[in-house]
Amino acid sequence: IIGKAYVNIRDEKVAGGVITPGMLVERTSTDTVIAHNSAGGEVAPLFAIEDILQGNGIDDNYASADLVSLWRPIPGEQVYARIDPTSGSAVVIGEFLQSAGDGTLVALTSGALEHCAVALEAKAAGELCLVEIL
């Protein structure tokens, strides 16, 4: 899931629900993490990464109450993020992305001010896409 890292800021938190590696997550007031749930809303870039210590890959979900491996990329770093499968929209290289409100990213909507990444690949809805953090 980590594409290019300059600084290795990692953490672990308990999952407050099902989380898939590559999801954009947010911390809760109970010190757990959940899929970022505010479409187009403000977000600190924090992504769930695969649990390699347990032999799990990028398609192996974390269950609620599992310890989630997290990566906090800084601007310029690259991560494979999940593109919103429900939008039906592909993303193109250079397109600005924002939270879709379910842990995935979607193309920046007209008039929206909050965005967190730019697509470095053209990908269909539902796929993993290499993105650069802004």
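Quantities reported herein were computed from a predicted structural model and do not represent experimental measurements. Computation of the quantities below employed the complete heavy-atom set of this structure, encompassing side-chain atoms and omitting hydrogens, waters and symmetry-equivalent molecules. Residue numbers run from 1 in the order of the sequence given.
Of all the heavy atoms in W71 and A5, the pair that sits closest is CZ2-CB, 3.6 Å. Taking every heavy atom of both residues into account, C116 and L105 meet most closely at SG-CD2, 3.8 Å. Scanning both residues, L97 and V118, for their nearest heavy atoms gives CD1-C, 4.4 Å. Minimum interatomic distance between P45 and P73 (heavy atoms only, all atoms of both residues): O-CD, 3.6 Å. In this structure, R10 and I2 approach most closely via the heavy-atom pair NH2-CD1, 3.3 Å. In terms of heavy-atom proximity, H36 sits nearest to S99 at ND1-OG, 2.6 Å.
More than 12 non-hydrogen atoms from other residues, nucleotides or ligands lie less than 6.0 angstrom from CZ of R72. Other residues, nucleotides and ligands contribute over 12 non-hydrogen atoms within 6.0 Å of the CD1 atom of I74.
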**OP:** Apply side chain to side chain contact (heavy atoms under 4.5 Å, CB included) to the pair L70 and V33, showing each step before the final yes or no.
**Re:** CA-CA 9 Å; L70 302 166; V33 290; 3.9 Å; yes

**OP:** Please step through side chain to side chain contact (heavy atoms under 4.5 Å, CB included) for the pair V91 and V131, ending with a clear verdict.
**Re:** CA-CA 11 Å; V91 296; V131 303; over 6 Å; no

**OP:** Could you check Q98 against F96 for side chain to side chain contact (heavy atoms under 4.5 Å, CB included), going step by step and ending with a plain yes or no?
**Re:** CA-CA 7 Å; Q98 67 182 19; F96 290 104; over 6 Å; no

**OP:** Tell me, with the steps shown, if C129 and E127 meet side chain to side chain contact (heavy atoms under 4.5 Å, CB included).
**Re:** CA-CA 6 Å; C129 179; E127 293 186 326; over 6 Å; no

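Criterion: ILVMFWY side-chain heavy atoms under 4.5 Å apart, direct or through other members. Under it, M23 and L128 are not part of a common hydrophobic cluster. Cluster membership check: V79 shares its hydrophobic cluster with L24, using side-chain heavy-atom separations under 4.5 Å among Ile, Leu, Val, Met, Phe, Trp and Tyr. Taking hydrophobic clusters as Ile, Leu, Val, Met, Phe, Trp and Tyr residues chained together by side-chain heavy-atom distances below 4.5 Å, F47 shares a cluster with Y80. The cluster map of Ile, Leu, Val, Met, Phe, Trp and Tyr, joined by side-chain heavy atoms under 4.5 Å apart, puts L46 and I19 in the same cluster. Both L120 and I58 are assigned to one and the same hydrophobic cluster, defined by single-linkage of ILVMFWY side chains at heavy-atom distances under 4.5 Å.
Atom CD1 of I1 and atom CD of E50 lie 5.5 Å apart (nearest 0.5 Å). To the nearest 0.5 Å, the span separating OG on S38 from CG on D102 amounts to 11.5 Å.
Looking at D66, its side chain never comes within 3.5 Å of a backbone N or O of V68 through a donor-acceptor pair. The backbone N or O of L130 sits less than 3.5 Å from a side-chain atom of E121, completing a donor-acceptor pair. Formation of a donor-acceptor pair under 3.5 Å by the E26 side chain with backbone atoms of N37 is found in this model. Side-chain atoms of Y62 come within 3.5 Å of backbone atoms of D51 as a donor-acceptor pair (strictly under, hydrogens ignored). The backbone N or O of I133 lies less than 3.5 Å from no partner atom in the side chain of E77, so there is not a single donor-acceptor pair.
Side-chain atoms of D31 and K13, non-hydrogen and from C-beta on, do get closer than 4.5 Å to each other.
Sorted by first then second residue, the side-chain hydrogen bond (donor to acceptor under 3.5 Å, both in side chains) pairs that include residues 15-25, not counting sequence neighbours, are T20-N61.
In terms of the side chain to side chain donor-acceptor pair (under 3.5 Å) criterion, residue partners of T28 (sequence neighbours excluded) are, by chain and number, T30, T32.
Using a 4.0 Å cut-off between a side-chain N of Lys or Arg and a carboxylate O of Asp or Glu, R82 and D59 qualify as a salt bridge.
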